[in-house]
Amino acid sequence: MVQKNSLKKVIVITGPTGVGKTNLAIKISKHFNAEIINADASQMRKRLNIGTAKISIDEMQNVPHHLIDFLEPTESFSIKDYVDRARIIIDGMENIPVIVGGSGLYIQALISTYNLNFQPRKNDSEFDELSNEEVYAILQSIDNEAALKVHYNNRKRVIRYIELAREKNEVEPIEPMPYYDALVIGLTKDRFQLYEAINNRCDKMIKNGWLEEVKSLANDGINMELIKEIGYDDLYKVTKNELTLDKAVNDIKQKTRNYAKRQLTWFRNKMNCEFFEINNSTPEMAIERIKKFLYNK
RNA sequence: GGAGAGGUAGCGAAGUGGCUAAACGCGGUGGACUGUAAAUCCACUCUCUACGAGUUCGAUGGUUCGAAUCCGUCCCUCUCCA
């Protein structure tokens with residue numbers, strides 16, 4: 001059993017999209033002379049700048065940033081890749097690591113001992129001809145316990161559970177435990193205000209040239225269908241005159257709001273967050289809390 | 001002023017005498033989720049003291065054992081003609 005106080009201390013700043021993570025992270029990092037490790041899957045990708053609200057070099061204010069802007073737009077990447085790279089960076093870091101982002105699963109996998117020794121997801125077509133119910137029946141027959149955890153319509157997860165079940169005997173189980181001593185700060189905001197912020201930010205992104213960003217990607221032959229980040233496909237359709245800009249913008253706002261809600265569900269139920277309501281708390285309060293966590297004072 | 005069409009739950013939209021508290025879609029809310037996670041999926045959504053009860057389908061008055069559905073009157077919206 002690893003003693004908790006022997007684990008490396010890390011700060012995590014998470015929260016739904018548009019809540020103001022970046023801003024707070026910079027303030028905190030400057031105060032503690034910390035370094036930021038990005039935990040936002042979308043912001044890892046190069047050239048998806050405006051649409052993912054990626055921090056600019058200026059905004060970084062000389063705070064070192066890691067694992068941001070390093071993947072090709074459609075390059076495949078997984079949680080395991082992320083965890084491996086992030087841990088190398090964090091474990092070798094002299095300064096305080098501040099993990100910032102909204103990809104809950106990535107954060108969870110990074111700060112705890114997720115079992116990532118299984119084979120990655122395959123792209124096999126074994127199940128192509130089968131209905132959801134039929135695929136689910138296969139899972140039931142080989143691992144009924146796993147089957148009870150998914151809905152048969154959640155095809156992606158059902159298939160993944162089949163893959164895991166087939167490997168189960170070859171992979172050593174790992175107890176879920178903390179990997180770092182993490183203080184997880186979850187930023188929240190009144191729902192209505194959060195949605196307004198998302199809407200406004202989306203309008204701003206369009207003004208800042210998001211559509212041009214999309215055009216440039218498409219012009220360079222990037223397969224736009226492989227970009228699953230919210231908005232890119234909608235705007236691509238606008239460039240092809242398949243959708244009006246107005247409609248696209250509305251759809252994007254809608255999808256982003258839905259996404260923020262899903263994130264909140266995750267933070268509430270899957271992560272051990274200390275929530276900071278952004279209207280009722282100041283960066284100074286967060287800094288005080290972090291001081292207490294780091295230096296026990 | 002005349003002729004037509006229509007007013008259904010937050011929105012769009014079915015329903016045209018009992019099986020309707022009212023299909024379906026959207027939105028909203030809650031939830032699941034250990035390898036593409038800005039993904040994938042599920043549930044709930046008139047009200048309440050909630051395995052039961054109470055109020056709904058523009059308003060109002062009727063017909064009927066029974067109406068969102070049939071009839072009268074009124075109000076409002078849209079299109080066309082003046």
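Everything quoted here is computed from the prediction, not taken from an experiment. Letters A, B, ... are given to chains in the order of the sequence lines, protein chains preceding strands, and every chain is numbered from 1.
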How would you label the contact of [X] with the nucleic acid (heavy atoms, under 4.0 Å): base, sugar-phosphate, or nothing?
| X | result |
| --- | --- |
| A/F77 | sugar-phosphate |
| A/T52 | base |
| A/Q254 | sugar-phosphate |
| A/R45 | nothing |
| A/A109 | nothing |
| A/N117 | base |
| A/Y195 | sugar-phosphate |
| A/S76 | nothing |
| A/S103 | sugar-phosphate |
| A/I79 | sugar-phosphate |
| A/D81 | nothing |

Check the interface with nucleotides 39-41 of chain B: list each N/O to N/O pair with the protein under 3.5 Å, or write none.
unit_1, atom_1, unit_2, atom_2, d
B/A39, OP2, A/R262, NH1, 2.2
B/A39, OP2, A/R262, NH2, 3.1
B/A39, O2', A/K156, NZ, 2.7
B/U40, O2', A/N154, OD1, 2.4
B/U40, O2, A/N154, ND2, 3.3
B/C41, O4', A/N154, OD1, 3.2

Pick the [atom1] atom in [N] and in [M], then give their distance to the nearest Å.
| N | M | atom1 | value |
| --- | --- | --- | --- |
| B/C42 | B/C33 | C1' | 11 Å |
| B/U63 | B/G72 | C1' | 11 Å |
| B/U40 | B/G7 | C1' | 41 Å |
| B/A23 | B/A39 | C1' | 31 Å |
| B/G27 | B/C71 | C1' | 38 Å |
| B/C70 | B/U8 | P | 16 Å |
| B/G6 | B/A82 | C1' | 22 Å |
| B/G17 | B/C74 | P | 26 Å |

* **Presence of salt bridge, A/E126 and A/R166, under 4.0 angstrom** =>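 A salt bridge links A/R166 with A/E126.
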
* Asked: Could A/D203 and A/K253 be called an ion pair, given the rule that one side-chain N must be under 4.0 Å from one carboxylate O?
  ->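 Salt bridge: yes.
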
[N] pairs with which nucleotide, Watson-Crick or G-U wobble, both distances below 3.5 Å?
| N | result |
| --- | --- |
| B/A53 | B/U47 |
| B/U79 | B/A3 |
| B/C41 | B/G31 |
| B/A9 | none |
| B/A23 | none |
| B/A59 | B/U73 |
| B/C65 | B/G18 |

What is the distance, to the nearest angstrom, from the [atom1] atom on [X] to the [atom2] atom on [N]?
| X | N | atom1 | atom2 | result |
| --- | --- | --- | --- | --- |
| A/M205 | B/A38 | CE | P | 14 Å |
| A/Q108 | B/G35 | CD | P | 13 Å |
| A/M271 | B/A32 | CE | P | 14 Å |
| A/F192 | B/G27 | CZ | P | 17 Å |
| A/N269 | B/G30 | CG | P | 10 Å |
| A/Y114 | B/A37 | OH | P | 14 Å |
| A/F267 | B/G30 | CZ | P | 14 Å |
| A/R85 | B/G35 | CZ | P | 20 Å |

Check whether any side-chain nitrogen or oxygen of [X] sits under 4.0 Å from OP1 or OP2 of [N], and answer yes or no.
| X | N | result |
| --- | --- | --- |
| A/R191 | B/U29 | yes |
| A/K149 | B/A32 | no |
| A/N250 | B/G27 | no |

* To do: Look up atom CD in A/Q119 and atom CD in A/E170, then write down how far apart they are to the nearest 0.5 Å.
  =>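 So the gap between those two atoms works out to 8.5 Å.
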
* To do: Apply side-chain hydrogen bond (donor to acceptor under 3.5 Å, both in side chains) to A/Y136 and A/N154, showing your working.
  => CA-CA 9 Å; A/Y136 187 73; A/N154 201 349; over 6 Å; no

* side-chain contact (heavy atoms from CB on, under 4.5 Å) between A/R45 and A/T52, worked out -> CA-CA 9 Å; A/R45 301 191 178 277; A/T52 62; over 6 Å; no

* Return the nearest nucleotide to the side chain of A/L116; candidates are B/A37, B/G35, B/G28. =>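 In terms of side-chain proximity for A/L116, the closest of B/A37, B/G35, B/G28 is B/G35.
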
* For A/T256 and for A/L264, locate the closest nucleotide of RNA chain B by heavy-atom distance; then report the residue assigned to the nucleotide nearer the 5' terminus. =>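 So the residue in question is A/L264.
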
* Asked: Given that A/G102 and A/S78 both sit by RNA chain B, which one's nearest nucleotide is further toward the 5' end?
  ->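 Here A/S78 is the residue nearer the 5' end.
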
* To do: Evaluate the salt bridge (charged side-chain N to carboxylate O under 4.0 Å, His left out) criterion for residues A/D220 and A/R47: first the C-alpha distance (whole Å), next the side-chain angles of each, then the deciding distance (0.1 Å), finally the verdict.
  => CA-CA 11 Å; A/D220 291 348; A/R47 303 189 61 179; 2.8 Å; yes

* A/Y295 and A/F32 aromatic ring geometry - parallel, tilted or perpendicular at 30°/60° bounds ->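 Plane angle between 30° and 60°, so tilted.
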
* Asked: Taking all atoms of both residues into account, what is the closest heavy-atom pair of A/A182 and A/I111, and its distance?
  ->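 Residues A/A182 and A/I111, closest heavy atoms: CB-CD1, 4.1 Å.
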
* Evaluate the criterion salt bridge (charged side-chain N to carboxylate O under 4.0 Å, His left out) for residue pair A/K255 and A/D251; output intermediate values, then yes/no. => CA-CA 6 Å; A/K255 288 176 193 175; A/D251 288 355; 5.6 Å; no

* Tell me the side chain to side chain donor-acceptor pair (under 3.5 Å) pairs involving residues 264-275 of chain A, sequence neighbours left out? ->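 Applying side chain to side chain donor-acceptor pair (under 3.5 Å) to every pair that reaches into residues 264-275 of chain A, excluding sequence neighbours, yields A/E274-A/R289.
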
